[in-house]
Structures are given as C-alpha cells and as structure tokens.
*Asks:* 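First, the structure itself, so that you have it in front of you.
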Amino acid sequence: MPQPHRPSWRPVLRRGADLRWLTARSWTNRWYPQGVDTGVLQGRRMLAISWFRQDRTRTHLASRVSFIDLARPRRFDVALAIEGEGGTLEPARSHVGGLAWFGDRLFAAATKQGIWEFDLAGIRSVRGAVARRLTGGARSRTLVAVRTRVHAVDLRCSFIGRVFDDHGRPLHRVLIGEFRSKDAGRIGEFDLTSDGFSPRRMLEPGLRHMQGAVGWGEEIFVSQSDGLRAGTLWRGTGDGLQRASLPLPAGCQDLALDADDRVLWSLGEHPWRRVVHGIRFAELGIAHGRRT
C-alpha cells in the first residue's frame, strides 16, 4: 500500500529576492537544477525547481522536483517516476529542462521526448530499494510523483513556460521552445487542453542557447545562457526581441512569472554559482499584476 504523503522539510537561504541552496546541492556535479515555476501544494504557495541526476558519462539516472515554501523558506524533494508493467516504479530519466504548473498537473520538458505530465495529487512516499532506484541511489526514503502522460510536440522541447494576461491572470497557454547550440531555436505557443497542447503560433527569435520563455500580455521573456558568463534576458513581441539591461545568473536556465509576489524567477545551474534569482516586476517595468 502507498505510504502517506509526509514531506521532510529542509531550510533554504533567502537573501532579498534570491534563494540559495544549502548543503551539497549548491556544488554537487551529480544533480543539476533546470526548470522553475510557481503553484500551490498542500495549501502553500510553492516555488518548484526541477533537477536531473547524471553519472560520469552524463547518462541520465533520475529526476526530481524541489518544492520551496515561499513563506518560510524551506523545501522538500519529490522524485519523478514512470510506472512500468505491474505497477513497478522506475526513475524518470529526463532532462526536465523546464516546468509549467497547472493545479495538480505538472508539465516537464523532456528534451527530444516531448512534454511529460506528472500528477501532484497522487504524491506518495516510498522506501528502501524503490526509493534508492528512483533517486539514483541518493535516498532510502522519498516522496514520488508519477508520470501520467507523454505529450508529443513537434519541437525539441527543451523548456516550457506559462503565459499570463497583462493583469496577471494565468491563461491555459504555454510557450515551448528549443535550446540549440549551433542554430537558432524556435518557440511555439500552445493552448493547454485536457488532451494536450493545441498550437497557436510559431516564433523564430533568431537566438541560440535559449533556456526558457514565459509570456505576459503581448510580451514574451526569453533567457539565453552563455557558459560561465552572465545570462541574457530578452523581451518583446513576436519574433522581434530586444536585449534587456538586467543580467541573469551564469548558466541561466528556465523562467517563471510569479504574479502573486510580482517576481520573474530564473536560476543558475553551475556548481558553486547556483542561485534562484528573482527580478522584481518594478525593475522590468511591468505595471500590472495581482497586487495592484
């Protein structure tokens, strides 16, 4: 029988609008943070950060999501799993390059494998060999969320982000895009339906190394990484994006818009430089949102 959902909380350091990891997750080269989004879990407003685990040959072993209570701050981890024959749970070996959180539905970008959907309503606890398998040998007990569907999308699916109207109301709409190292990637805008994603339009910003995209009204924001140097934030409408003056963390990844706290979230993946970085809407010149 599944064990009840009892999270094991751990502290997170908050400085201003930024969050920093404590313990080995700030420097380990086994786990890398990738995706980010906000939502409500257990009645608390949470920031979700996805991670993938790899071995020395860069083979993906497992993936997880850290849920950070924004009021504390503190966090707990949930392993991501795939249910096999006979109900056996196997680790979700995915890059989880971006997150989009809609109620109990958590969507993760599984590079080259479409968009994977996980059920947050069914989070449960597992122990022993199952827990070690799902975490790549890291834990003897873990919470787990199971994949419910794979959504095929005609893109590389490197990242996924949500879209809001210009008053901060979340829409049932996402931006799904491509990280390309040599060629410029594409970004597709899709309506979220009960069955998957229905295309609206395709954008070609002409950027390499795109890591995340979100929408606010008619404007979209895109993150672009540059190795160990500071990342770049781009913004604009359609295919015409302009470079913003605000830098992103080195090794920047996904983006998320937090309409409640009026923050644009990003994060850096590099060991010793890992930060979950918040940019206030006031710095971006976003005038509207839920607090107005």
Side-chain angles (χ1 to χ4, degrees), residues 32-39 41 46-53 60 62-67 78-84 89-123 134 144-164 170-180 185-205 209-215 220-223 253-257 265-267 269:
Y32 283 84
Q34 297 292 300
V36 58
D37 202 3
T38 61
L41 188 64
M46 300 275 196
L47 187 70
I49 306 291
S50 64
W51 303 69
F52 74 90
R53 181 177 173 88
H60 284 29
S63 59
R64 71 185 180 199
V65 176
S66 296
F67 290 96
V78 175
L80 300 180
I82 297 171
E83 192 168 33
L89 294 179
E90 298 295 336
R93 296 181 175 90
S94 165
H95 198 69
V96 287
L99 295 177
W101 187 353
F102 293 85
D104 292 332
R105 305 173 74 187
L106 183 67
F107 297 91
T111 305
K112 298 181 181 179
Q113 301 179 75
I115 302 295
W116 291 5
E117 180 177 346
F118 294 87
D119 176 24
L120 298 183
I123 291 175
L134 297 183
V144 59
V146 178
R147 188 182 72 181
T148 54
R149 296 190 64 178
V150 174
H151 302 280
V153 177
D154 189 22
L155 286 167
R156 193 170 187 266
C157 294
S158 303
F159 53 84
I160 182 172
R162 288 190 295 149
V163 177
F164 295 75
L171 304 176
H172 271 67
R173 196 178 302 169
V174 296
L175 298 172
I176 300 173
E178 300 175 316
F179 173 93
R180 299 283 184 182
R186 300 170 295 165
I187 298 175
E189 186 172 12
F190 298 82
D191 288 320
L192 175 63
T193 69
S194 59
D195 296 324
F197 301 98
S198 176
R200 293 176 63 90
R201 61 172 176 163
M202 191 66 65
L203 306 174
E204 297 185 6
H209 292 189
M210 292 191 297
Q211 299 281 6
V214 288
I220 67 170
F221 296 85
V222 176
S223 58
Q253 296 296 305
D254 198 20
L255 294 174
L257 286 162
W265 293 103
S266 183
L267 68 152
E269 72 165 354

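Note that the numbering runs from 1 along the sequence shown for the chain. Keep in mind that this is a model prediction, so the values were computed, not measured.
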*Asks:* CE of M210 to OG of S223: how many Å apart, nearest 0.5 Å?
*Replies:*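 Going from the CE atom of M210 to the OG atom of S223 covers 9.0 Å.
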*Asks:* Do L99 and V36 have side chains that approach each other closer than 4.5 Å (heavy atoms only, starting at C-beta)?
*Replies:*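 No - every pair of side-chain heavy atoms lies 4.5 Å or more apart.
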*Asks:* Tell me, please, which residues at least two apart from E204 pass salt bridge (charged side-chain N to carboxylate O under 4.0 Å, His left out).
*Replies:*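 Residues passing salt bridge (charged side-chain N to carboxylate O under 4.0 Å, His left out) with E204: none at all.
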*Asks:* Can you list everything that forms a ring-ring contact (aromatic ring centres under 6.0 Å, His included) with Y32? Sequence neighbours excluded, please.
*Replies:* F52
*Asks:* Test of understanding: with side chain to side chain donor-acceptor pair (under 3.5 Å), list the residues that count as partners of R93, not counting sequence neighbours.
*Replies:*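 Expected list: none.
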*Asks:* I'd like to know whether W101 forms a ring pair (Phe, Tyr, Trp, His ring centres under 6.0 Å) with F67, so could you lay out the CA-CA distance, the side-chain angles of the two residues, the decisive distance to 0.1 Å, and finally the verdict.
*Replies:* CA-CA 12 Å; W101 187 353; F67 290 96; 5.4 Å; yes
*Asks:* Could you check whether any side-chain heavy atom of I49 comes within less than 4.5 Å of a side-chain heavy atom of L267, counting everything from C-beta outward?
*Replies:* yes
*Asks:* Could you verify whether a donor N or O on one side chain and an acceptor N or O on the other, from S66 and W51, lie under 3.5 Å apart?
*Replies:* yes
*Asks:* Can you name the one residue among I187, L175, I176 that meets side chain to side chain contact (heavy atoms under 4.5 Å, CB included) with F159?
*Replies:* I187
*Asks:* To the closest 0.5 Å, what do you measure between CG (L80) and CG (L89)?
*Replies:* 11.5 Å
*Asks:* Checking E90 side chain against I82 main chain: does a donor-acceptor pair fall under 3.5 Å?
*Replies:* no
*Asks:* Side-chain contact, heavy-atom cut-off 4.5 Å: R173 with F190?
*Replies:* no
*Asks:* Only counting residues at least two apart or in another chain, list the ones meeting side chain to side chain donor-acceptor pair (under 3.5 Å) with D37.
*Replies:*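 Scan of D37 (side chain to side chain donor-acceptor pair (under 3.5 Å), adjacent residues dropped) gives R162.
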*Asks:* Rounded to the nearest 0.5 Å, what separation is found between the OG atom of S94 and the CD1 atom of I115?
*Replies:* 9.0 Å
*Asks:* Nearest 0.5 Å, what's the CG-CZ distance between L171 and F164?
*Replies:* 8.5 Å
*Asks:* What side chain to side chain donor-acceptor pair (under 3.5 Å) pairs are there with at least one residue in residues 104-121, not counting sequence neighbours?
*Replies:* R105-E117, E117-H151
*Asks:* List the atom pairs, donor and acceptor, that lie under 3.5 Å between side-chain atoms in residues 196-203 and the rest of the protein, sequence neighbours left out.
*Replies:*
unit_1	atom_1	unit_2	atom_2	d
R200	NH1	D191	OD1	3.3
R200	NH1	D191	OD2	3.2
R201	NE	E189	OE1	2.5
R201	NH2	E189	OE1	3.2

